[in-house]
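Okay, so here's the structure we're looking at.
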Amino acid sequence: MKIPKAMLETQNQSNPLSRSKLIGRCIVSCIFVFLTHLALSVIPRFFSAFSFLTQLALSALLLLLLLGFGGWCRRTLLRAKASAPAFVFFNILFIWGFYFSVIRPAVPQLHDVVFNCGVVFLFIGLYSILTSDPGIVTNGSASPDQTMESSLSQVDKELEPLASGLVHELTHDSGLLMRVRYCKTCKAYIKGLDHHCPAFGNCIGQNNHPLFLILLFGFIGTEASYLVCSSLFAAKSRILDRPSELTLSESLAVSTILFTILQLLWQVVFLIWHIYCLCVNIRTDEWIKWKKYPEFQLVIPPEPGQSFRNIRFWNPYDKGIVQNVKEFLAIQH
């Protein structure tokens with residue numbers, strides 16, 4: 001398996017410098033996870049008179065402020081970078097630890113099993129997608145370091161048309177079109193590139209796109225399970241009946257509910273988008289940069305009296321929902 005350059009620092013365990021950088025970034029990410037959740041607990045503690053929707057909006061605003069402030073602190077004060085995958089990992093770990101210490105006693109056994117299985121699935125999925133090969137086009141069996149130094153020059157010579165978005169590989173057995181795109185983050189050509197996912201520390205391409213969708217379903221399911229469990233805790237502890245008398249743990253229970261709802265909102269929208277892309281056989285990268293790829297450009301000849309021609313978007317890969325889904329599933333083999 002060939003490894004993207006962006007992943008080498010997290011996977012090259014033989015390099016002490018890479019390991020120290022990884023540990024440093026994980027520590028920074030862990031600190032910001034704890035600070036984020038402590039900051040969010042301020043909302044239900046000091047704004048209890050506001051409605052739940054208002055608290056949700058305030059939590060979203062606070063998260064945006066924390067995101068900007070955290071970036072400024074890392075650049076100017078700490079002069080250190082954080083790791084997005086580590087931030088995701090420690091967020092899951094924080095919620096899981098809080099669940100065990102506060103929420104779990106109020107949860108029935110069935111709900112407890114479902115939530116814990118979901119969390120374990122997320123950890124396994126995160127590791128799998130972080131270490132997966134998205135479909136990197138390389139120059140054979142070179143080592144990862146040699147590959148990253150030499151593959152670009154060789155791929156430029158051998159697959160130069162692919163960089164412009166042209167389709168060059170057609171399998172006669174399945175009729176599947178293979179699209180190779182370039183990822184600036186990983187500095188590699190990826191078959192079926194959808195996007196580079198900072199949260200998972202890897203490109204999402206032909207080889208790991210199904211895993212990405214499964215993991216996205218896993219996040220939504222596990223977060224929904226946590227909402228059910230935390231709601232049961234809130235009902236049994238009568239948090240909503242005494243909003244002005246909340247302890248720190250109870251404030252964290254409400255703030256983690258708010259945080260989870262915000263996560264669910266954007267993840268559901270994100271999932272709907274990817275299902276749509278699957279049904280019409282297009283990638284996110286292609287949708288955003290369609291003017292860069294000639295096969296998506298439909299040239300309309302100029303009308304009489306006009307000196308310019310129109311260029312419109314069209315999707316040459318769309319063969320109908322059923323066929324598109326079949327190709328998406330078959331292309332993994």
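Treat the numbers as computed from the prediction; the structure is a model and nothing was measured.
Between Val228 and Val114 the shortest side-chain heavy-atom distance does not fall below 4.5 Å. The closest side-chain heavy-atom distance from His37 to Ile95 is below 4.5 Å. Here the side chains of Leu262 and Leu258 are not in contact, with every heavy-atom distance at 4.5 Å or above. Two residues are said to be in side-chain contact when any heavy atoms from C-beta on lie closer than 4.5 Å; Ile214 and Phe121 meet this criterion. Asn324 places none of its side-chain heavy atoms less than 4.5 Å from the side chain of Cys279. Side-chain contact between Phe328 and His209 is present, with heavy atoms from C-beta onward closer than 4.5 Å. Between Leu232 and Pro108, some side-chain heavy-atom pair lies under the 4.5 Å cut-off. By the 4.5 Å heavy-atom criterion applied to side chains, Arg283 and Leu193 are not counted as neighbours.
A donor-acceptor contact shorter than 3.5 Å links the side chain of Gln55 to the backbone of Phe50. Counting only distance, with no hydrogens or angles, the side chain of Gln323 and the backbone of Gly320 share no donor-acceptor pair below 3.5 Å. Judged by distance alone, with hydrogens and angles left aside, the side-chain atoms of Asp318 form no donor-acceptor pair with the main-chain N or O of Asn281 at under 3.5 Å. At least one donor-acceptor pair under 3.5 Å links the side chain of Ser230 to the backbone N or O of Leu227. With hydrogens and angles ignored, the 3.5 Å screen pairs no side-chain donor or acceptor of Ser225 with any backbone N or O of Gly221. One N or O on the side chain of Asn208 and one on the backbone of Cys203 form a donor-acceptor pair closer than 3.5 Å. A donor-acceptor pair under 3.5 Å is absent between the side-chain atoms of Thr222 and the main chain of Phe219, judged by distance alone.
Salt-bridge annotation for Arg181 and Glu295: present, with a side-chain N of the basic residue lying under 4.0 Å from a carboxylate O of the acidic one.
Gly135 and Asn207 make their closest contact through CA-ND2, 3.4 Å (heavy atoms, listed as atom of the first residue, atom of the second, distance). Taking all atoms of both residues into account, the shortest heavy-atom contact from Cys197 to Ile204 is CB-CG1, 3.9 Å. Closest approach of Phe200 and Leu130 over heavy atoms only: O-CD1, 3.3 Å. When all heavy atoms of Ile282 and Arg179 are compared, the closest pair comes out as CA-NH2, 3.7 Å. When every heavy atom of Phe233 is checked against every heavy atom of Ala253, the shortest pair comes out as CE2-CB, 3.7 Å. Between Asn202 and Ser132, the closest heavy-atom pair is ND2-O, 2.8 Å.
For Ile321, the CD1 atom sits in a loose shell: 12 or fewer heavy atoms of surrounding residues, nucleotides or ligands are nearer than 6.0 Å. By the 6.0 Å contact criterion, CZ on Phe217 is open, its count of non-hydrogen atoms from other residues, nucleotides or ligands being 12 or less. Annotation: Phe123, atom CZ; neighbour count of heavy atoms from other residues, nucleotides and ligands within 6.0 Å is above 12. Other residues, nucleotides and ligands contribute only 12 or fewer heavy atoms inside 6.0 Å of the OH atom of Tyr127.
Under the 4.5 Å side-chain heavy-atom criterion for ILVMFWY residues, a single connected hydrophobic cluster contains both Leu93 and Leu252. Under the 4.5 Å side-chain heavy-atom criterion for Ile, Leu, Val, Met, Phe, Trp and Tyr, Phe98 and Leu38 are members of distinct hydrophobic clusters. In the hydrophobic cluster analysis, where Ile, Leu, Val, Met, Phe, Trp and Tyr join through side-chain heavy atoms closer than 4.5 angstrom, Leu58 is grouped together with Phe52. Both Leu62 and Leu248 sit in one connected hydrophobic cluster of ILVMFWY residues. Membership requires side-chain heavy atoms under 4.5 Å apart, directly or through other members. A single hydrophobic cluster is seen to contain both Trp266 and Val268, as judged by linkage of ILVMFWY side chains at heavy-atom distances under 4.5 Å, directly or through other members.
One finds the CD atom of Glu286 at 13.5 Å from the NE2 atom of His195 (value rounded to the nearest 0.5 Å). In this structure, CG on Leu66 lies 5.0 Å from OG1 on Thr36, to the nearest 0.5 angstrom. The CD1 atom of Ile272 sits 12.0 Å away from atom SG of Cys277, with the distance rounded to the nearest 0.5 Å. Asn91 contributes atom CG, which lies 13.0 Å from atom CZ of Phe32 (distance to the nearest 0.5 angstrom). Between the CG atom in Leu213 and the CG atom in Leu278 there is a gap of 6.5 Å [rounded to 0.5 Å]. Considering CZ of Phe87 and SG of Cys30, their distance stands at 10.5 Å, rounded to 0.5 Å.
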Test side-chain contact (heavy atoms from CB on, under 4.5 Å) applied to Trp287 and Val280, step by step: CA-CA 11 Å; Trp287 182 272; Val280 299; 5.6 Å; no
Passes ring pair (Phe, Tyr, Trp, His ring centres under 6.0 Å), Trp290 versus Tyr293? Steps please. CA-CA 5 Å; Trp290 67 270; Tyr293 305 129; over 10 Å; no
Could you go through the ring pair (Phe, Tyr, Trp, His ring centres under 6.0 Å) check for His274 and Phe212 one step at a time? CA-CA 10 Å; His274 279 281; Phe212 170 78; 5.0 Å; yes
Worked verdict on Phe296 versus Tyr317 for ring pair (Phe, Tyr, Trp, His ring centres under 6.0 Å): CA-CA 9 Å; Phe296 292 99; Tyr317 304 112; 5.6 Å; yes
Just do the side-chain contact (heavy atoms from CB on, under 4.5 Å) check on Trp273 and Thr284 with the steps written out, would you? CA-CA 9 Å; Trp273 164 253; Thr284 301; 3.0 Å; yes
Yes or no on side-chain contact (heavy atoms from CB on, under 4.5 Å) for Ile136 and Ile190, after CA distance, side-chain angles and deciding distance? CA-CA 5 Å; Ile136 301 173; Ile190 310 294; 3.6 Å; yes
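In this structure, Trp96 has its ring center at least 6.0 angstrom away from the ring center of Tyr99.
Judged by distance alone, the side chains of Asp285 and His196 never bring a donor and an acceptor atom under 3.5 Å apart.
Hydrophobic cluster membership of Leu35, counting Ile, Leu, Val, Met, Phe, Trp and Tyr whose side-chain heavy atoms lie under 4.5 Å apart directly or via other members: Ile23, Ile27, Ile31. Within the hydrophobic cluster formed by Ile, Leu, Val, Met, Phe, Trp and Tyr side chains joined at under 4.5 Å, directly or through other members, Trp314 is accompanied by Leu298, Ile300.
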